[in-house]
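Structure record follows, encoded as structure tokens.
Please read these numbers as outputs of a predicted model, since none were measured by experiment.
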Amino acid sequence: MEKQWNEQYDVVIVGSGAGGLTAALTARLQGLSAIVIEKTALFGGSTSKSGGTIWVPNNLYLEEAGVKDTYEQAKAYLDSTVGDRVPDALKKAYLKKGPEMVKYLHENTEHFRWEYTPGYSDYYPESAGGLASGRAVEAQLFDLRKLGDDIKDLRTSGLPTKGMVLKSSEFHKVNMIMRTWIGKVKAMKVGGRLIRTLISGYKPTTLGEAVVARLYTSLKEAGGEVWLNTPFKDLIYKENRVTGVIAERDGKEINIQARQGVVFASGGFSHSQELREKYLPQPTNTEWTLSAEEQTGDVIAAGVKLGGQLDLMDKMWGTPTSAPPGAPAFMPVAERATPGLIIVNGNGERYINESVPYHEFVDQMYENNNEQSSTIPSWMIFDKRVKNRYLVFGIMPLQQLPKEWFETGYAKKADTAEELAKQIDVPPEKFTETISRFNTFAAKGKDEDFQRGESAYDRYYGDPTLDNPNLAPLDKAPYYAIPIYPGDIGTKGGLVIDEAARVIREDSTPITGLYATGNCTASVMGETYPGPGATIGASMVFGYAAAVDIAESTKKKESPIPKVTMTV
């Protein structure tokens, strides 16, 4: 071992979310030694806090579920949503390598197991190539006992589900526990799962935790390593290639050789207020992000130092968020589709179809925010009917909202719309006009202002017992208001990569030995968000692509030079 190297591996991966774990797992399955270094004390990154779906068109789990999809149809969809904002070669690589990745890990591991999420629509199903039936697959339920002692190091989702474990495909049905028989049946199933957990050693998990746990368990069984509390410090660059990384371990700097390549997979810069203010739309605040802590853009800066090209730095995977006192911020996804709930600006007016995909919602929050009409914060308005019928921020129907929310002034409550308007400082007359107009639309079953309920995506989280699943009158006191902000689940700008996940310089040449995936890269999804799991899906696909390219390059280096016979 050379003196300057404290450790040596074929591949060094920075970051332990789905992208990093996929890269490391693929590298091990390809016969390469691999180490994942993680900045924090927990593995899983933002993936652990996510909904745990991946959007990978035309994969084997969709085929098994009878979902009809083709490369051509998926390509048409990316062309109609992403457009030419990213290179065509990158879109093609995603659509080809995605199903390949799913099949490869399914066939070569015991734990890579997913299932189709029925009806979870593409986010723009009416666009060319879109599927109203959806392309989302989620990790199957996983028993955390298989992690052994490492269970203590798994980042948890932090969802306010009181010990209940719900799959993505179950949540929207359980949300209808007061409205449909299938909602009641699903709730009983989830309750039975909770009882089993309480009276036995069973430790089920779903969503992002299940994704991470499955990948991590597969990696450990394949002989891969994950070092926690080991922050990346810098790249080592010698003889025109990246040869390793400088990291900190046990309070000391160490040099880790990467004989074949380094893969960045450590997320974006959501937790850097400085970078947010430099690049993102204003106002912006680290308190609004749902991403894992310590994502401060370290690897992006290291890539730029070597000439790495940047793109999409002003974009994020936006989602409206709200941060109640004493609890982590949450992401109102289903709530925005709830009939009888509206969102208003500082003038007390609706300005958007509340049910649109969360990424688009945040874009419109910024577009509509001005001196005449503030949308930051906006106010989520609902009444007693909503609270009695549906889950609100993880709180079951009929269950009271926490007293602390009202005592601290975070949430507002009033017996009349006029009184609520005064509490949230919006014009009472305009506010009551807005509610009256909305109630007229609810009676008709048609939102004439913003067409809420006309998209299959809107209807997924709506109430199937109504003619328009997303519309119901807002007229049953008391009335409630909760502030929401333009948050994110991660930034989506960063280092530009090619179809093999190699980091590209300003002159379009690759930086030899340096790869990247996930939110530290300029997303293959460009400025939009095609479907549920497009974040995790892309991170895993290009983590896989990086490992495969490294393995193929390694084989070429190791292949003997063929003898050439000269004929005279």
Side-chain angles (χ1 to χ4, degrees), residues 13-26 28 34-54 105 109 111-114 138-161 165-168 203-222 224-232 263-268 270-271 289-296 298-299 317 328-331 488-491 517-520 533 535-540 542-544:
I13 298 96
V14 182
S16 65
L21 294 175
T22 298
L25 174 58
T26 304
R28 285 298 303 136
I35 179 75
V36 176
I37 61 172
E38 165 59 44
K39 187 178 187 179
T40 72
L42 303 170
F43 65 85
S46 293
T47 305
S48 281
K49 296 162 67 69
S50 75
T53 58
I54 60 172
L105 295 183
T109 71
H111 303 294
F112 189 88
R113 297 294 181 267
W114 301 72
E138 62 179 310
Q140 293 180 10
L141 207 71
F142 184 76
D143 189 344
L144 289 173
R145 289 178 295 183
K146 294 177 182 178
L147 285 176
D149 291 341
D150 291 341
I151 188 173
K152 69 183 186 304
D153 300 323
L154 170 67
R155 183 179 300 282
T156 58
S157 66
L159 294 174
T161 52
V165 175
L166 286 84
K167 296 191 292 185
S168 173
K203 294 184 181 296
T205 192
T206 55
L207 309 179
E209 287 182 24
V211 175
V212 169
R214 286 184 173 278
L215 288 170
Y216 181 88
T217 304
S218 298
L219 175 61
K220 294 300 287 285
E221 291 183 357
E225 296 180 65
V226 178
W227 286 356
L228 303 176
N229 296 305
T230 308
F232 165 87
V263 182
F264 284 160
S266 59
S270 289
H271 285 276
T289 184
L290 300 180
S291 67
E293 76 274 11
E294 298 294 337
Q295 295 192 4
T296 53
D298 307 357
V299 300
W317 300 100
F330 59 76
M331 172 184 179
D488 63 89
I489 54 176
T491 50
T517 190
N519 290 347
C520 63
T535 47
I536 301 174
S539 188
M540 291 177 67
F542 286 104
Y544 166 82

Is the backbone of [Y] close enough, under 3.5 Å, to the side chain of [X] for a donor and an acceptor to pair up by distance?
| X | Y | answer |
| --- | --- | --- |
| Gln295 | Ser270 | no |
| Thr22 | Gly20 | no |
| Thr217 | Ala213 | yes |

Search all heavy atoms of [X] against all heavy atoms of [Y] and return the closest pair with its distance.
| X | Y | result |
| --- | --- | --- |
| Val263 | Ala23 | CG1-CB, 4.2 Å |
| Val36 | Ala24 | CG2-CB, 3.5 Å |
| Ser46 | Ala292 | OG-N, 2.9 Å |
| Cys520 | Val299 | CB-CG2, 3.7 Å |
| Ala18 | Ile536 | CB-CG2, 3.7 Å |
| His271 | Ser291 | NE2-O, 2.9 Å |

Are Asn519 and Thr491 close enough that a side-chain donor and a side-chain acceptor fall under 3.5 Å?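 Distance-only check fails for Asn519 and Thr491.
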Could you go through the side-chain contact (heavy atoms from CB on, under 4.5 Å) check for Lys39 and Asp298 one step at a time? CA-CA 10 Å; Lys39 187 178 187 179; Asp298 307 357; 2.8 Å; yes
In chain order, what residues pass the side chain to side chain donor-acceptor pair (under 3.5 Å) check against [X], with sequence neighbours excluded?
| X | answer |
| --- | --- |
| Trp114 | none |
| Thr40 | Glu38, Arg155 |
| Lys220 | Asp150, Tyr216 |

Using the rule given for side-chain contact (heavy atoms from CB on, under 4.5 Å), can you reason through Ser50 versus Thr47, listing the C-alpha separation, both sets of side-chain angles and the distance that settles it, and then say yes or no? CA-CA 5 Å; Ser50 75; Thr47 305; 4.3 Å; yes
Residues Leu166, Thr206; criterion side-chain contact (heavy atoms from CB on, under 4.5 Å); working and verdict: CA-CA 7 Å; Leu166 286 84; Thr206 55; 5.5 Å; no
Result of checking Thr26, Ile54, Leu25 against Met540 for side chain to side chain contact (heavy atoms under 4.5 Å, CB included):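 Per the side chain to side chain contact (heavy atoms under 4.5 Å, CB included) rule, the option paired with Met540 is Ile54, out of Thr26, Ile54, Leu25.
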